[in-house]
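Order of appearance sets the numbers: ligands from 1, and atoms from 1 within every ligand.
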Amino acid sequence: MYNAKMEISKILAPLIPGLEPNQIYDMLEVPPNPEMGDLALPCFKLSRILRKSPVQIAEELAAGIPADENIDRIESVSGYLNFFLNQNHYIRQVLCHIMESGQAYGSSDIGKGKTIVIDYSYPNIAKPFHVGHLRSTSIGNSLYRLYKFSGYNCVGINHLGDWGTQFGKLITAYKHWGSKEAVQKNLIKELVSLYVKFHKEAEKDDSLNDEAREWFLRLEQGDEEALELWQWFKDISLEEYQQVYDLLDVSFDSYHGEAFYNDKMEPVIQKLKDKNLLKESEGAMIVDLSDEDMPPCLILKADGSTLYATRDIAAAIYRKKTYDFDKCIYVTGVSQNLHFKQWFKVIEKMGYEWHKDLYHVPFGTVSIGGERLATRTGNVVLLEDLLNKAIEKTLEIIDAKNPHLENKHEIAKQMGGGAVIFSDLFSNRIKDVSFSWDEILNFDGETGPYVQYTHARTCSLLKKAEESGVNAEELEFDSSLLNSKEEYQLVKSLAEFPEKVSQAVEELEPSIITRYLVNLAQAFNRFYHNHSILLEDKELKHARLTLVKAAKVTLYNGLRLIGLHAPERV
Ligand code: ARG
């Protein structure tokens with residue numbers, strides 16, 4: 001596709017000694033006001049290199065640029081060099097490219113031959129899938145889709161929290177107060193109340209803690225009864241998580257959780273010893289990181305059991321061996337920053353040069369109406385409940401707006417779930433997120449339903465056109481008819497998509513796509529509200545329908561990249 005920024009950088013490069021096209025590319029800006037052109041070069045950025053005033057530079061460049069069929073005119077205004085593209089040419093090239101590419105519009109093969117491992121979601125077994133895991137799930141899922149769309153081979157891993165002393169507590173609680181029937185009936189909710197009860201009772205009776213330690217030890221040693229209960233808790237939890245994953249349209253290539261590495265830790269510890277990295281400290285074994293200004297990384301507890309970091313080290317080594325990744329990225333809350341920094345350092349000290357390919361992708365906290373979400377107290381918001389509430393509320397809105405909508409339960413699912421994911425992905429991931437029902441479900445706001453609704457609007461226009469005998473797949477169109485401000489702005493917005501995709505991949509930031517989609521939907525709706533589309537005038541109708549089709553393609557591709565469905569009717 002014609003990339004105006006790139007082409008203009010190439011035209012300018014021979015006129016600016018000492019700068020490469022890519023350096024000029026980075027200097028080009030989109031002026032705040034379209035009357036000032038489509039792209040501008042702020043020449044004060046060149047003053048130092050060229051030893052001239054910005055005004056003089058702009059004047060000289062304007063006079064020196066050879067004629068180009070894609071550029072209508074160039075103006076030098078107060079030290080800015082403003083470029084006005086040939087609209088007709090530009091619109092034609094952008095729309096033809098989108099129509100030809102279809103579902104591949106925005107994709108690339110920059111990742112060809114490279115493998116990315118993404119570690120995300122990872123609910124903790126026997127604990128509810130709470131809203132905090134939603135962020136990891138939606139960010140990880142979107143990154144997975146973005147990488148795939150850019151040609152990478154992706155491996156999505158659900159690093160389940162399926163090991164740890166909490167299982168000793170849970171088994172103890174189950175043995176004292178649990179029943180098979182209650183667990184089978186209430187599933188994770190029952191496991192959580194057993195866990196909560198354990199903590200309450202253990203405050204009064206410390207011997208319960210000893211019992212829990214005992215059970216965990218038995219579990220680690222492969223005791224049959226302990227293992228059987230653990231497996232049962234795990235199966236029950238996974239079954240329940242699956243409902244959430246189905247709702248969110250998320251799947252994984254591997255469910256190897258922490259327990260999977262139980263038998264892979266010996267060689268790691270051996271290697272740490274061989275490299276002289278293990279030190280004893282208060283009975284525990286650690287890797288000293290004081291030379292890095294970090295607290296030590298705990299590898300073995302005094303009783304010989306391994307820790308969270310030990311598992312992560314073993315898992316990274318296993319993943320490198322199994323997938324030979326180019327990058328392995330971990331999507332977790334910002335509170336785990338230090339944990340990742342520490343064990344990435346340990347990997348480096350062990351001599352693995354691929355330590356530089358490990359990336360922690362942190363995100364901020366989630367709250368609902370200002371309340372943070374905790375599990376230990378039992379004050380939890382289950383993701384499933386949250387999603388169901390979103391779906392219920394969406395259904396109410398659909399019933400009010402379009403009560404005869406076919407398949408409305410399915411669509412309410414896609415929009416309700418979408419609303420939650422969208423709001424989760426709207427801000428930069430590092431920011432804290434707070435849900436407010438009115439905000440996330442507003443069909444006119446910066447929301448998932450708004451973008452989905454806009455996409456459905458493009459579909460219904462195309463469907464109506466088709467019913468009147470127009471084949472949207474084979475539209476001949478005269479781009480010179482798309483000469484209004486709104487049409488040009490919409491085309492420019494459409495043309496930004498591929499660059500937004502590569503930016504999102506580079507910055508590991510799905511919010512770039514989420515925000516882009518809102519802008520695109522707004523540009524589409526400005527066009528839609530100011531211009532009739534299904535007109536008598538066949539030529540104009542075809543030109544505008546081409547624009548509608550290109551918007552549909554781009555909205556669809558963008559929604560899929562952030563993990564949302566794009567229903568054709570809402
Ligand atoms: N299960 C952990 C938690 O809920 C996060 C796991 C993240 N992945 C990893 N490889 N450490 O906090």
Next on the checklist: With heavy-atom distances below 4.0 Å as the criterion, list the atoms of ligand 1 near His133.
Outcome noted: 4 (O)
Next on the checklist: Do His360 and Thr332 pair up side chain to side chain, a donor and an acceptor below 3.5 Å, judged on atom types alone?
Outcome noted: yes
Checklist entry - Parallel, tilted or perpendicular: which fits the ring planes of Tyr120 and Phe252, with parallel below 30° and perpendicular above 60°? => result tilted
Next on the checklist: Looking at ligand 1, would Gln336 count as a contact under a 4.0 Å heavy-atom criterion?
Outcome noted: yes
Checklist entry - Starting from atom 6 (C) of ligand 1, which protein heavy atom do you reach first, and at what distance in Å? => result Tyr308 OH, 3.2 Å
Next on the checklist: Show me which atoms of ligand 1 lie under 4.0 Å from any heavy atom of Asp119.
Outcome noted: 7 (C), 8 (N), 9 (C), 10 (N)
Checklist entry - Parallel, tilted or perpendicular for Phe129 and Tyr245, by the 30°/60° rule? => result perpendicular
Item to check | Contact check, side chains of Lys169 and Tyr195, non-hydrogen atoms, under 4.5 Å | outcome: yes
Item to check | For Phe340, the ligand 1 atoms whose distance to one of its heavy atoms is below 4.0 Å | outcome: 11 (N)
Next on the checklist: What protein heavy atom lies closest to atom 1 (N) of ligand 1? Include the residue and the distance to one decimal.
Outcome noted: Asn124 OD1, 3.0 Å
Checklist entry - With a 4.0 Å cut-off on heavy atoms, is Tyr120 touching ligand 1? => result no
Checklist entry - For His256 and Arg319, does a side-chain donor sit closer than 3.5 Å to a side-chain acceptor? => result no
